[in-house]
Structures are given as structure tokens and as C-alpha cells.
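Notes for the one structure printed next.
All values below were derived from every heavy atom in this structure, side-chain atoms included, with hydrogens, water molecules and symmetry-related copies excluded. Numbered from 1 within each chain, the chains take letters A, B, ... in sequence-line order.
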Number of protein chains: 2
Amino acid sequence: MGNYENMGPSKIRELIRHQEITGPTAGMSKGYTQANLVILKKEHAFDFLLFCQRNPKPCPLLDVTEPGSPVPAMIASDADIRKDIPKYRIYRDGVFTEEVTDITDYWEDDMVGFLLGCSFTFETPLLESGIPIRHIEENCNVPMYKTNIQCNKAGIFEGPTVVSMRPMSPEDAIRAVQITSRFPAVHGAPIHIGDPSQIGIADISKPDFGDAVTLKDGEVPVFWACGVTPQAVAMESKPAIMITHAPGCMFISDIKDEKLSVL
Amino acid sequence: MGNYENMGPSKIRELIRHQEITGPTAGMSKGYTQANLVILKKEHAFDFLLFCQRNPKPCPLLDVTEPGSPVPAMIASDADIRKDIPKYRIYRDGVFTEEVTDITDYWEDDMVGFLLGCSFTFETPLLESGIPIRHIEENCNVPMYKTNIQCNKAGIFEGPTVVSMRPMSPEDAIRAVQITSRFPAVHGAPIHIGDPSQIGIADISKPDFGDAVTLKDGEVPVFWACGVTPQAVAMESKPAIMITHAPGCMFISDIKDEKLSVL
């Protein structure tokens with residue numbers, strides 16, 4: 001991994017394309033933005049694009065491919081989203097049917113790929129500011145929860161906002177608001193701090209996705225809108241076919257994390 | 001006007017709807033965001049939405065109506081974009097044909113309205129920071145220029161970025177970068193400072209749109225991506241029908257300018 005950490009995105013994508021890397025991408029090509037992927041057919045693309053536009057905090061779009069083109073031209077012009085992710089999941093009528101390492105055989109000429117920012121991008125500057133991140137310390141996945149905050153509906157797409165949670169001291173929480181506000185293109189500032197019940201979370205020790213983490217005395221839970229939201233919402237609308245990345249197996253772009261900050 | 005300045009957006013829209021206001025909206029409902037309007041038929045809506053997504057600086061989308069619905073639900077849920085703008089322009093095959101005060105008779109049930117942020121929103125905090133704005137001092141329209149900076153193409157939509165220019169002292173220019181960076185939803189930071197020729201502007205005294213303003217000794221021209229870009233680009237693609245607001249006659253939303261800042 002030490003090797004992959006300092007390898008450029010184009011080289012990593014080549015290894016992935018040749019299936020020499022088939023697992024999670026966390027820590028690879030340090031400093032470069034990783035992205036979530038959702039692929040839908042053109043008939044749903046306008047509604048889904050509108051859904052993302054209306055819900056920018058959970059759905060921070062980094063790139064959308066031209067219908068039929070597998071090239072994410074804005075963020076990696078030599079990439080192919082059919083091959084450059086280690087593992088994909090296929091959903092038919094909203095049901096997960098198979099996991100594959102290449103989706104060339106599934107690709108149709110009216111498919112559109114949506115690449116969405118993920119919290120990896122803002123965790124790096126948090127760590128660099130000396131703010132510890134619990135799920136990294138505990139070596140598990142970030143805890144995620146369905147909330148009672150409804151997304152703004154668009155066409156067939158609707159559903160609740162999913163949030164990720166990081167416990168912090170109050171002073172770190174304040175600093176984290178400042179730091180993540182600089183990154184509106186990757187979820188931006190938190191959407192809630194403190195009492196989980198105010199956003200419809202009954203039991204903080206039981207996340208809906210990911211793993212529970214320790215909440216220490218004096219710490220407050222800090223909640224960010226999560227990129228799982230658009231996938232969960234798309235899934236519930238049960239399109240005939242939808243393809244996503246497998247959890248943790250992200251698309252590594254040519255964009256530097258720092259390029260996404262507004263200040 | 002003193003009266004309109006402190007009147008709420010809903011009341012102003014009512015006066016506009018009853019054609020008691022039929023002219024420019026600058027200065028009305030102080031502190032509330034005003035928006036540019038582009039209406040296209042559904043067949044072009046995905047491409048245009050994608051164009052805006054790929055070019056967020058010139059095309060800062062504030063709201064997109066559901067196809068067929070004239071209600072901009074995100075920014076003014078009791079409004080009707082067919083009646084609540086003082087003056088509209090109708091373009092057929094890219095050619096301006098008429099100006100009207102109500103577009104109910106032109107509305108079709110597959111039309112989509114795009115509401116885009118405008119620089120009025122960031123001019124207020126610039127003025128409040130004591131930065132003089134030349135075109136306001138000289139009581140004319142902001143100067144706008146076509147540049148050699150190509151927008152990212154999407155479907156049928158492509159063309160150059162149009163910029164607006166404000167001359168400033170170097171120290172004001174630095175402060176203006178800070179202030180406008182806080183507003184990524186309304187053009188954000190400048191895209192160029194200084195030498196106009198570097199972005200393809202041959203003669204700063206001859207704007208392509210708006211009016212020329214005085215550039216004083218020691219001042220630098222500061223250029224922001226301009227909301228005229230998407231209209232100009234849409235016009236060049238010559239859709240069978242396109243409807244926009246008339247220059248200066250904007251849509252007044254229920255959103256406070258300050259709500260659009262990220263910090």
C-alpha cells in the first residue's frame with residue numbers, strides 16, 4: 001500500500017483496469033479526489049441530475065458523463081468508468097444481483113455515469129489540522145444513519161438524507177465546521193451537531209450502514225450529509241438497471257483534493 | 001423605489017404579477033437573491049442542466065422547475081415563473097422575436113425553467129465592505145465581455161465564457177476575492193485579475209454587453225464569470241423556442257443573499 005499511496009491516479013487506474021487491484025481504494029493516490037459512482041439509463045438521467053442539483057450536500061456531483069460515453073472528461077479524461085473501478089455492483093429493479101470487476105458487458109449506449117464526491121476529501125484536511133477521526137483510529141467503516149431529513153424530490157427520486165457521523169470534542173467540532181465549509185463540492189459543512197434524536201436517529205450505537213464507533217465523555221457527534229444518500233434513493237426507485245461502485249472501491253480521479261476548496 | 005427596497009419578495013412578485021411593476025428590479029427587496037431565467041423545452045433540459053453542472057461558475061443554478069411546472073419550489077414556493085418577472089424575451093430558433101410581460105400563453109406542458117444566480121448577490125457584501133463598484137457609481141450597466149475561455153461542452157450546448165468586469169485597487173481586489181469566494185452559488189471568486197488580453201479581450205473600453213466604465217490609474221480590472229453565459233450559449237444552439245427574462249428584469253426569490261454564503 002505504501003507504494004500505491006504515492007502512485008499517480010492514472011497508474012493506479014491502469015492497475016485496476018488490468019485487475020491487479022480489485023479491492024478498496026482508501027489511501028491510494030494520496031491527495032487525489034476519490035468518487036462514488038452511479039450509472040443509470042438516459043431515461044432516468046434528467047431526474048437524477050435534478051435530484052443531485054436540488055440536494056447538493058448529500059449529492060455533490062463531480063462529473064456526469066455524456067450519454068453513452070464511459071469517459072469522465074472533467075475529472076479524468078483518459079479513464080473508462082466501465083473498467084477503472086476495482087469492483088462494481090449491479091442492481092436490477094432495485095435488487096443487488098451481482099458483483100463484477102468490469103462492466104463492459106453491461107454497458108448500454110444510453111447509459112450515463114454520475115461521479116459524486118466523497119468524505120475522503122475532507123477527512124485529509126481534518127487529520128492535517130490534528131483532528132482525530134474515530135473510525136480511522138478504530139480501523140472500521142464510518143457509521144452512517146438514515147435521518148428524518150427528507151431530500152428535495154425530483155421526478156421519481158425521493159427519500160431521506162443519510163448522514164455520516166464523527167465524534168469530536170466541541171473545539172474540534174468548531175474547527176471542523178470551518179474546514180469542511182471550504183469544501184462545498186464534497187458535502188461541505190456538517191448538517192447537524194449534537195442530539196441525534198433531533199434528526200430522527202433513535203440509537204447512535206446502531207448505525208444503518210457502516211460500523212458503530214466509540215463516543216467518549218465530553219464529545220459531541222458531528223453529522224455530515226453522506227454520499228450513500230443518492231445510491232439509496234436511486235435504489236428505492238427501482239430502476240430496471242443501476243450500476244454502482246462496491247463499498248470502499250472508489251473511482252480515483254485526476255483532481256487534487258485541494259482544488260475542490262473554495263478558500 | 002424606497003418603498004420597493006424594503007418590501008418583501010412575495011409582495012413585489014404580486015405587484016409584478018398584476019403588472020404594477022414592469023421594469024428593472026435592481027434594488028427591490030433588499031437582501032433577497034434575484035435570479036436570471038432561462039426556459040427551454042424538456043428535450044433540451046438534460047443537456048442544459050448538464051451544461052450548468054459542468055460550468056458552475058458562469059451557470060450557478062439556484063433552482064430548476066419540474067418539467068411542466070411553473071413553480072420554482074426551492075426558492076419561492078408560491079411563485080409562478082410565467083407571470084412573476086416584469087418583462088420576458090421570446091427567442092425562436094435563436095432569434096429574439098418579442099418582449100412580453102406575461103408568458104402564460106407561451107407556456108407548454110414540457111417546459112423547464114432554470115433560475116440562475118446573478119452578481120447582485122455578491123455586490124451587496126462588496127459594497128458593505130466599503131469596496132466601491134464603478135458601474136453603480138457611474139449609474140450604468142456592468143461591462144461584460146466574451147472571452148477565449150471555452151465552457152465545458154454538454155450535448156448541443158457550447159460556447160465561450162462571458163465575464164463581467166469591476167475595476168478595483170489591488171487591495172480591494174484581494175478583499176473581493178475573499179468575499180466572493182464565500183458565494184460559490186453565485187459565480188464565486190473572480191476568474192481573472194489584470195491583463196484583459198490574457199483572456200482574449202482586445203479592448204477593455206469596448207464591452208460586448210453592458211456599458212464601458214472608467215478604469216482609474218492604479219486600478220486593476222477584476223473579472224467574474226457572468227450569468228449571461230448560459231443565455232448566450234443557449235441562444236447560439238438555436239432551440240425552436242427559448243424564453244428568458246429581459247435584461248435587468250429579474251426574478252426575486254425568497255432566499256436571503258446571506259443564505260448562499262458557505263462561510
| message | Please classify the contact between A:Ser69 and chain B as side chain, backbone, both or neither, with a heavy-atom cut-off of under 4.5 Å. | response |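 Answer is neither: A:Ser69 stays 4.5 Å or more from chain B.
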| query | Taking A:Arg54, A:Gln178, A:Met74 one by one, which has the highest count of heavy-atom pairs under 4.5 Å against chain B? | reply |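 It is A:Arg54.
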| message | If I take atom CG from residue A:Asp47 and atom CZ from residue B:Phe46, how far apart are they, to the nearest 0.5 angstrom? | response |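 Output value for this atom pair is 10.5 Å.
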| Donor-acceptor pair, side chain of B:Glu66 and main chain of A:Ala154, under 3.5 angstrom |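 No, the answer is negative, given that no donor and acceptor are paired below the 3.5 Å cut-off.
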| query | Any idea which heavy atoms bring A:Val262 and B:Ser181 closest together, and the distance? | reply |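 Answer, listing the atom of A:Val262 first, then B:Ser181: O-CB, 3.4 Å.
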| Which heavy atom in B:Leu50 sits nearest to a heavy atom in A:Val64, and how many Å separate them? |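 Looking at all heavy atoms of both residues, the closest pair is CD1-CB, 3.2 Å.
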| Exceeds 12 heavy-atom contacts within 6.0 angstrom, atom NZ of A:Lys146 |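 12 or below, so no.
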| Top contributor to chain A interface from B:Cys52, B:Gly188, B:Ala45 [non-hydrogen pairs under 4.5 Å] |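 Greatest number of close heavy-atom pairs with chain A: B:Ala45.
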| Per-residue contact mode, B:Pro67 against chain A (heavy atom under 4.5 angstrom) |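 Contact with chain A: side chain only.
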| request: Decide yes or no for B:Gln53 and A:Gln53: does some side-chain heavy atom of the first lie under 4.5 Å from some side-chain heavy atom of the second? | output: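 No, every pair of side-chain atoms sits at 4.5 Å or beyond.
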